[in-house]
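Hydrogens, waters and symmetry mates are skipped; everything else that's a heavy atom, side chains included, is used. Just so it is clear: chains get the letters A, B, ... in the order the sequence lines come, proteins before strands, and each one is counted from 1.
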Amino acid sequence: MLRSHTCGQLRSSDIGQQVTLCGWVDSTRDYGGMIFIDLRDRYGKTQVVVTPDSGDENLEIAKRLRGEDVALFTGTVASRLEGKDNEKLATGGIEVRASRLQLLNRCKTPPFFPNQEEMPGEDLRLRYRYIDLRREQMQRTLVLRSAIIKTMRDYFADNDFIDVETPILGRSTPEGARDYLVPSRVHWGHFFALPQSPQLYKQILMVAGYDRYVQIARCFRDEDLRADRQPEFTQLDMEMSFVDAEDVIGMIDGLMKKLAKELLGLELTLPLPRMTYDQAMERYGSDAPDLRYGMQIVDCSDLARQSEFRVFRGAVDAGGFVRGIKIDKRADEFSRKRIDELTEFVKHDFAAKGLAWFRVEPDGSLWSPISKNVEPAVIEQLKTRFACEPGDLVMLLADNWEVTCKGLNGLRRRLAAELKLFDPKQMHFSWVVEFPMFEHDAEEERWVAMHHPFTAPRPQDLAQLKSDPQACRAQAYDLIVNGYEAGGGTIRIHDSETQQVVFDLLGISPEMAKDRFGFLLDALGYGAPPHGGIALGIDRVVMLFAGLDNIRDCIAFPKTQRAMDLMTEAPGQVETKQLHELHIQVETPPAK
RNA sequence: GGGGCCGUAGCUCAAUUGGUUAGAGCACUGGACUGUCGAUCCAGAGGUUGCGGGUUCGAGCCCCGUCGGCCUCGCCA
């Protein structure tokens with residue numbers, strides 16, 4: 001060890017000790033005859049003083065020190081001069097009087113400094129990630145991430161789970177996200193796929209009798225990125241045998257309570273609140289509602305039916321809905337221009353045809369473009385339905401179910417952020433349960449699995465699986481934190497007959513099923529226990545616990561929106577020889 | 001694949017309606033200074049305004065294309 005202590009360690013009780021510190025030069029204050037250096041490592045900062053007493057040679061070296069140089073100082077811990085303590089530093093009561101110093105490595109003038117107040121552009125931060133990672137915020141986040149993972153591991157170990165690793169090189173499966181492919185050198189024209197999740201392996205482990213499995217698993221999906229989505233991400237993956245949905249939810253409830261308490265000092269009340277998928281869509285238009293604030297959706301389709309107003313009547317007559325949300329008491333903050341912007345937002349982003357709205361003025365009258373089209377009686381009922389008071393603003397969408405859901409969810413989220421309807425430090429945990437088994441894919445005119453093809457229906461829906469697939473609800477559950485899907489899981493199908501019925505509905509032929517999932521179907525036939533589990537998105541959990549708004553800041557080496565690593569410049573080209581070995585030819589890109 | 005925002009010194013930003021030699025703070029280089037802690041003071045250096053084209057007497061500013069970053073719709077079982 002070059003050092004005797006870290007830069008965050010020394011206190012007044014250490015005064016008089018001879019110590020050696022190593023670290024990066026955070027800042028220097030050069031007085032000619034006396035130089036102060038703040039030396040930094042990931043534990044903190046300590047002020048080192050170099051004076052003529054340290055020797056002329058050392059003073060000369062100190063004079064040449066610049067930000068981010070790596071240096072070693074040996075000296076004596078001393079108290080600061082009377083009244084010169086630095087309250088901002090944990091080590092601010094002491095300083096190290098240097099007797100020896102050594103420049104361990106010079107730093108080129110960096111493109112930015114870890115301690116600078118203005119944030120550099122994200123492209124620079126990613127290109128020079130090793131400098132960005134020196135920033136206190138990044139170090140705090142990665143330390144939090146490490147603590148979260150440790151807490152998870154401890155929790156599952158305490159509950160008799162065993163950690164089993166599953167392959168990274170697997171096979172491509174139909175359905176789901178686009179796979180990242182890895183060519184096989186040995187097998188001409190054959191490819192491995194990187195796992196989208198260890199789903200099938202963990203089910204096989206259940207068949208094998210490893211009734212409580214857990215893994216911190218890296219997963220890969222070749223889809224477009226978002227603030228909360230990376231092509232490569234980490235899941236806490238677990239699976240249990242001889243359980244129902246309650247057991248899995250209960251196990252995760254316990255984990256969340258422990259995490260919230262140990263890392264945020266929050267007491268969660270268990271069980272965490274739950275609502276069904278149908279309730280979530282009705283009240284919030286989203287299967288991952290942000291419950292830190294209200295603004296529930298109100299359905300007024302029945303009132304719209306009584307109106308001659310074309311926009312309302314047209315929507316309900318076509319089998320659609322008129323639904324809206326109310327902003328309490330802040331109508332005066334919504335100018336015509338701002339409402340026009342919101343109208344553009346729902347039209348553009350969610351394909352709504354328009355946005356109907358009314359403001360309730362102080363005298364109870366309405367300010368609204370629709371007031372001259374909608375009958376007074378209907379307007380009165382609308383006001384009653386929304387429990388309107390003066391100063392309220394109501395926004396309505398008239399459209400099919402999907403558009404009203406997406407549009408109102410979009411409005412709700414945007415308005416809550418703009419109006420600051422929640423405390424950024426607030427955390428809200430809940431479950432959304434009983435998802436539909438299937439969604440209808442209009443484009444391909446077929447049923448697709450909402451979660452995955454191995455999801456078990458509720459026992460009471462088993463009978464109508466074939467006759468009325470739309471009505472069937474799954475034993476599925478999503479963990480929602482502050483409007484983000486933090487995790488999701490299901491009870492799995494554990495008999496091959498039910499699995500076959502589901503495959504049929506999904507248009508997966510017995511041949512294809514045998515080809516792609518034959519091993520799973522086989523396994524289910526050899527004594528598969530009832531089982532289910534869940535996977536949590538660790539990057540997202542870290543993001544939410546850290547109060548951040550993007551997942552890249554929770555990952556040491558993330559990728560850009562175009563799925564590139566700016567530091568290593570991956571993906572890159574490879575040698576022609578490598579391609580030959582893999583029997584791969586690269587097409588010329590199409591001319592634009 | 002679609003929409004939006006951004007790109008000016010190493011960094012963060014400014015630059016009137018399109019108008020003289022593109023500025024500031026920090027960083028950098030040199031100098032002064034023995035109690036600072038974002039030290040201070042003096043001096044200096046630093047620019048293909050992302051790139052390519054167009055409009056114009058004249059473009060950092062307007063138009064088209066392109067590259068890069070971010071947000072978002074589609075997509076993500």
Side-chain N or O of [X] closer than 4.0 Å to phosphate OP1/OP2 of [N]:
X: A:T560; N: B:rG69; value: yes
X: A:Q196; N: B:rC76; value: no
X: A:K347; N: B:rC73; value: no

Let's see if you can work this out: which of [options] has an atom nearest to the side-chain heavy atoms of [X]?
X: A:N550; options: B:rC71, B:rG30, B:rU36; answer: B:rC71
X: A:R97; options: B:rC37, B:rG35, B:rG3; answer: B:rG35
X: A:Q47; options: B:rC71, B:rC33, B:rU36; answer: B:rU36
X: A:R229; options: B:rC76, B:rG1, B:rG3; answer: B:rC76
X: A:T109; options: B:rA27, B:rG69, B:rU12; answer: B:rA27
X: A:R29; options: B:rU36, B:rG1, B:rG69; answer: B:rU36
X: A:D224; options: B:rC75, B:rG74, B:rC70; answer: B:rG74
X: A:E122; options: B:rG35, B:rG69, B:rG10; answer: B:rG69

Would the base of B:rU29 count as contacting A:R66 through its side chain, where contact means a donor and an acceptor less than 3.5 Å apart?
no

My understanding is that a pair needs two contacts under 3.5 Å, Watson-Crick or G-U wobble. By that rule, which nucleotide pairs with [N]?
N: B:rC26; answer: B:rG10
N: B:rG52; answer: B:rC64
N: B:rC41; answer: B:rG31

Can you work out whether A:E117 or A:P453 has the more 5'-proximal nearest nucleotide on RNA chain B?
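Of the two residues, A:E117 wins.
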
A:Y31 on top of B:rU34's base, within under 5.5 Å and under 30°?
no

